[in-house]
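Quick caveat, the model's predicted, so the values are computed rather than measured. Just so it is clear: chains get the letters A, B, ... in the order the sequence lines come, proteins before strands, and each one is counted from 1. Heavy-atom basis, side chains included; hydrogens, waters and symmetry copies ignored.
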Amino acid sequence: MAEYNPQEIEAKWQARWERDKAFDADMPAAEARTTQKSERGKYYVLEMLPYPSGTLHMGHMRNYAIGDTVARYRRMRGHNVIHPMGWDAFGLPAENAAIKNQTHPRDWTNKNIAEFKSVLHRFGFSYDWRREISTCEPEYYRWNQWFFLQMLERGLAYRKKSRVNWCPRCATVLANEQVVNGRCWRHEDTIVETREIEQWFFKITAYADELVEALNDLEGVWPDRVIAMQRNWIGKSRGARVRFQIADASGQSIEVFTTRIDTIYGAAAIILAAAHPLVDSLMAGSEAQKKNGALLEKMRRASAKAEDVATAEKDGFFTGRYAINPFSGEKLPIWVGNFVLMEYGTGAIMAVPAHDERDFEFCSKYQIPIPTVIVPQTDTKPSARAASGDSRETGDFTAIHEAFIDYGRLVNSGPYSGLTSEEALAKMTADAESRGFGKEETTYRLRDWGISRQRYWGTPIPVVYCPTHEMVPVPVDQLPVVLPPNPKLTGMGESPLAATPEFVNTTCPKCGGPARRETDTMDTFVDSSWYFLRYLSPHDAKEPFARAAANYWFPVDQYIGGITHAILHLLYARFFCKVLRDIGLLQQAEPFARLFTQGMVLKGGTAMSKSKGNVVGALDMAEKYGADTGRLYTLFAAPPEKDIEWSEASVEGAARYLRRVFALIERHSAEAKSAHGTNLEVSSLKEKERALLRKTHQTLRRVSHDFETRWHFNSAIALTMELVNEIHAAEPLERSVRPEVIREVLELLTLMLAPMIPHLAEEMWEMLGHSGGLMAARWPDYRAELAADEMVEVVAQINGRVRAKMTVEAGLAEEELVARAKAEPRVASELAGKHVVKSIVVRDKLVNFVVR
RNA sequence: GCGGAAGUGGCGGAACUGGCAGACGCGCAGGACUUAGGAUCCUGUGGCUGAGAGGCCGUGGGGGUUCAAAUCCCUCCUUCCGCACCA
């Protein structure tokens, strides 16, 4: 008897697939696209493209195993599946490795790509390798440059000064990931500074509203948390902009943004961000300036890091000036506060301490009055809190212990008193507008996307700077702007391209005079914002992607990747597609029809990563157990969206199952092959045959359901294990089961396993007498008459407790079930002398007697 | 604080629209075959209790709805993830 030899089997079938070009995906000819009716049309399955670094470990592998299972299943379902793979090849690690090892980032990257690729081949993933792309190739990144120019032309790319991390020792800009605890990664003793330099931005905020609104359509097809995270990130909030005149300042005013204009009669102060442009002029020459100048400077220098900001104590000072509340006419002191952000809203707020926690904290600290203007709606009489609330009258600043931030009913609000918050929001916004001191406004947290990187290993930004014409875009026909082959990479001093004269020095496209190239490169997220379109015509030299190909293949039907990219990558890609639609290149603006975020593979409680030293190499796995075992283990360990903790023992279990399945096919292949005909009439079946076929078709029904709806491959695999166990238990089969039945059972088992363990399934298929290979095979439909239960187990309960189990004919009438249940000895004895209040019958399931 | 997800045996996890909780696998225990086995096969395996048939308890805690709750409702607790002074 032959043993299961995965190495041999896997090599054999991988060679066969390659020979047969089994995974090449092509568009049908134009006319076939409309007439084709037997098949189900295209299906684009995509796993997030990897950054080739370190070793390809089982965490990566799990991702691809899930994608490959889906791709293979869809092929079996008759879809024209496109399943491409490529490399996110630009990036900082390549540049760092190059500096460290005195090599070129390209060499390091290509070496890693070759390694990754060989591992993916070893696992037999069904990619169309003709479509492979690498983002560091000029044929690819020239289109990044082309998109940039398109955006520049439309005002969607612009330059402005912005903060970067700066290490004074390296004299260079640091990426966020190179800043560790506020210090340089290379110089632990050196505190990172911030510097303002000119940088390029993509105006993603122009699409903020569409980006947030279109999320509604992704409900149910994208994971909830990803949608929630994107909503949160975009941070849409509706409110109003209100202008407060500055007292004694001849027409000068301060604008604030508020979502709670209904609380405006409770405003106790205006608070400005330290960076607010009016701060200096308001205080010029005043007593307040002398007193608070130092504090102001300190606030302006304070760290902008989120953790620091969130934990910093509220701090501020009075500017000595006042503003007029346009609704009440009241004079409000103008303060400067460290918790007011210049970047959000208008950089100024109205402080309503009674109804906002932050304002409450600030005003309590500085003894600013806390007037109550909203009371809970349920209060019929003024609440104790409201009654004692107005500190302007009582002079008591301690009477209120916390802010009441909910909507409610207005009090002490002039003509608006008595309205609900909802009513007041609408009415007061409208009044502010008609009276000319405010208007409805929607703000977003989302900021524009800074794409400049002071790095070598990225896409050069295609503009030049000319002394006479200033910034000049590189004409499209001069693309690509190619990276110089031999940069000086030191990681110190100015950015690498700036130190490469043959790159920097150029001529102005307008006047031909000497000019300097832009020396920043693009954020690598630009590369990954449209790569899924490049796969569709990867070698196109005339355009980024062929329109016809996009019309056919786009959007991605199923995108699969890690939750780590829930915000940035997925948001940028959505943004890009909207721009591409507006340029006229796409008809559809949402790139990913369905998104699946798979769980991580942990070892020792943390995600596998080279730096933590807890990786299990995919190649090692394949060499020791085989690719199919590796795949089966990662699919079986948990549902694909959950994290799994690496367990070598469970890998052994997966290997054991495959050996068992292989041996099963081996034992019966001769009989199966001897079968003639396929007609399996229910009436002609012997008891044992009927039982086996029933189990098989029931398994098929449930496995199909798992594949189709929830992707719970773990339960699908468990179901096939049950089937295998049942076949085992029925052995020996030779005398009691006809070859036709054996063949049917084993074929269906093979087909069910095929998407998950493709090599072994091919081998099994061949052992069962098929020469065509599984690529031509279709996912089978279960036969209802074979899956049907003839006898079912029905439970007899008394007051919800199981008292007997009966095996009865399926579909028995309710009265008959009650009669049979009552006939059960245990039921009969317990019911004796008791009054049955009620009998509940669930057909084919249970009978429950309620007794007193 | 806000938002999202999740709490089921020793472990990973099953249980479709409320209907026998613990499928399947790992681990463990016992056995068979074997020179041997970390190969293979068989049996057992939630807890307590009982000689046994069986009984009682049991899906994070508490309460509720129901003939019936892991599943629905209320409430509390815990864990993980994301955002975090966003006006």
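B:rC76 and B:rG38 have their C1' atoms separated by 48 Å, with the value rounded to a whole Å. Atom C1' of B:rG50 sits at a distance of 29 Å from the matching atom of B:rA69, rounded to the whole Å. Distance noted for atom P between B:rG58 and B:rU71: 13 Å (whole Å). Between B:rC26 and B:rG44, the two C1' atoms lie 16 Å apart (nearest whole Å). The P atoms of B:rU75 and B:rC67 are separated by 24 Å, rounded to the nearest whole Å. Here, B:rG46 and B:rU59 have their C1' atoms 11 Å apart, quoted to the whole Å. One C1' atom belongs to B:rG27, the other to B:rG82, and the distance between them is 35 Å to the nearest Å. Taking atom C1' on both B:rC20 and B:rA29, the two are 27 Å apart, rounded to the nearest angstrom.
A:Arg803 comes within 4.0 angstrom of the backbone, heavy atoms only, and of no base. Backbone-only engagement by A:Thr259 is indicated by non-hydrogen atom pairs under 4.0 Å involving sugar-phosphate atoms exclusively. At a threshold of 4.0 angstrom between heavy atoms, the contacts of A:Glu361 with the nucleic acid are absent. When heavy atoms are screened at a 4.0 angstrom cut-off, A:Arg826 is found touching the sugar-phosphate backbone but no base atom. Within the 4.0 angstrom heavy-atom criterion, only backbone atoms of the sugar-phosphate kind lie near A:Asn725; the bases stay farther away. When heavy atoms are screened at a 4.0 angstrom cut-off, A:Gly235 is found touching no nucleic acid atom at all. Residue-level contact check: A:Asp356 touches neither bases nor backbone, having no heavy atom under 4.0 Å from any strand. Counting non-hydrogen atoms under 4.0 angstrom, A:Lys642 reaches the backbone sugars and phosphates but no base. Heavy atoms of A:Ser237 sit under 4.0 angstrom from primed sugar atoms or phosphate atoms, though from no base atom. Looking at heavy-atom distances under 4.0 Å, A:Pro639 makes contact with sugar-phosphate atoms alone, never a base. Using a 4.0 Å heavy-atom cutoff across all strands shown, A:Gln797 reaches at least one base atom of the nucleic acid.
The distance from the CZ atom of A:Phe592 to the CG atom of A:Leu218 is 11.0 Å, given to the nearest 0.5 Å.
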Working note: A:Ile644 + A:Arg62, criterion side chain to side chain contact (heavy atoms under 4.5 Å, CB included); need CA distance, chi angles, decisive distance, verdict.
CA-CA 10 Å; A:Ile644 58 179; A:Arg62 184 186 189 201; 3.7 Å; yes

Step-by-step side-chain hydrogen bond (donor to acceptor under 3.5 Å, both in side chains) determination, A:Tyr344 to A:Ser237
CA-CA 11 Å; A:Tyr344 184 78; A:Ser237 58; 2.9 Å; yes

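Here the P atom of nucleotide B:rC20 and the CG atom of A:Asp844 are 14 Å apart, to the nearest Å. For A:Ile261 and B:rA87, the CD1 to P distance is 15 Å, given to the nearest whole Å. As rounded to whole Å, 9 Å separates atom C1' of B:rC83 from atom CH2 of A:Trp233. Protein atom OH of A:Tyr657 is 17 Å distant from nucleotide atom C1' of B:rG13, rounded to whole Å. Computed from coordinates, the A:Glu652 CD to B:rU40 C1' distance equals 14 Å when rounded to whole Å. As rounded to whole Å, 12 Å separates atom C1' of B:rA87 from atom CD of A:Glu441. In this structure, CZ of A:Arg710 is placed 8 Å from P of B:rU17, rounded to the nearest angstrom. Rounded to whole Å, atom C1' of B:rC67 lies 13 Å from atom CD1 of A:Ile798.
Across A:Gly266 and A:Pro371, no two heavy atoms sit closer than the pair O-CG, 3.6 Å. Across all non-hydrogen atoms, the minimal contact from A:Met58 to A:Met608 is N-SD, 4.1 Å. Nearest heavy atoms, A:Ala214 versus A:Arg574: CB-NH2, 3.6 Å.
When distances run from any side-chain atom of A:Asn714 to the nucleotides B:rG13, B:rC56, B:rG19, the shortest one goes to B:rG13. Closest approach to the A:Arg660 side chain among B:rA39, B:rG82, B:rC42 is made by B:rC42 (side chain taken as heavy atoms from C-beta onward). The A:Ile840 side chain lies nearest to B:rG19 when the options are B:rG19, B:rC42, B:rA87. In this structure, of B:rC24, B:rA87, B:rA15, it is B:rA15 that holds the atom nearest to the side chain of A:Ser715. Considering only the side chain of A:Val340, B:rA87 comes nearest among B:rC24, B:rA14, B:rA87. In this structure, of B:rG12, B:rG19, B:rG82, it is B:rG19 that holds the atom nearest to the side chain of A:Lys845. With distances taken from any side-chain atom of A:Lys838 to the nucleotides B:rA87, B:rC67, B:rG82, the minimum falls on B:rC67. Listed nucleotides: B:rC16, B:rC20, B:rC26. Nearest to the side chain of A:His705: B:rC16. Checking B:rA5, B:rG82, B:rC24 against every side-chain atom of A:Ile567, the shortest atom distance belongs to B:rG82.
Remark: A:Glu814 does not engage A:Lys845 in a salt bridge, criterion side-chain N to carboxylate O under 4.0 Å. At a threshold of 4.0 Å, the pair A:Lys624-A:Asp620 does not count as salt-bridged, since none of the basic side-chain nitrogens sits closer than that to a carboxylate oxygen. Salt bridge A:Glu824/A:Lys805: absent, no basic N to carboxylate O contact under 4.0 Å. At a threshold of 4.0 Å, the pair A:Lys834-A:Glu830 does not count as salt-bridged, since none of the basic side-chain nitrogens sits closer than that to a carboxylate oxygen. Salt-bridge check for A:Lys439 with A:Glu433: failed, with every basic side-chain N at 4.0 Å or more from each acidic carboxylate O.
The phosphate of B:rC26 (OP1 or OP2) has a side-chain N or O of A:Arg656 nearer than 4.0 angstrom. Distances shown here put every side-chain N or O of A:Thr720 at or beyond 4.0 Å from the OP1 or OP2 atom of B:rC24. Neither OP1 nor OP2 of B:rC20 sits under 4.0 Å from any side-chain N or O of A:Arg801. Between A:Arg659 and B:rA39 there is no side-chain polar atom (N or O) within less than 4.0 angstrom of OP1 or OP2.
For the pair A:Val794 and A:Glu830, nearest-nucleotide mapping onto RNA chain B gives the more 5' position to A:Val794. Mapping A:Asn799 and A:Ala228 onto RNA chain B by nearest heavy atom places A:Ala228 closer to the 5' end of the strand.
The base of B:rC83 is not paired with the side chain of A:Asn232 by any donor and acceptor separated by under 3.5 Å.
B:rG25 shows a glycosidic angle more than 90° from 0 and is accordingly assigned anti.
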For RNA chain B, produce a single dot-bracket line, 5' to 3'. Pairs: Watson-Crick or G-U wobble, both distances under 3.5 Å. Symbols: ( ) within strand, [ ] crossing, | other strand, . unpaired.
(((((((..(((......[....)))((((((.......))))))((((....))))..(((((..]....))))))))))))....

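Under the 3.5 Å distance criterion, the side-chain polar atoms of A:Glu440 are left unmatched by any main-chain donor or acceptor of A:Gly239.
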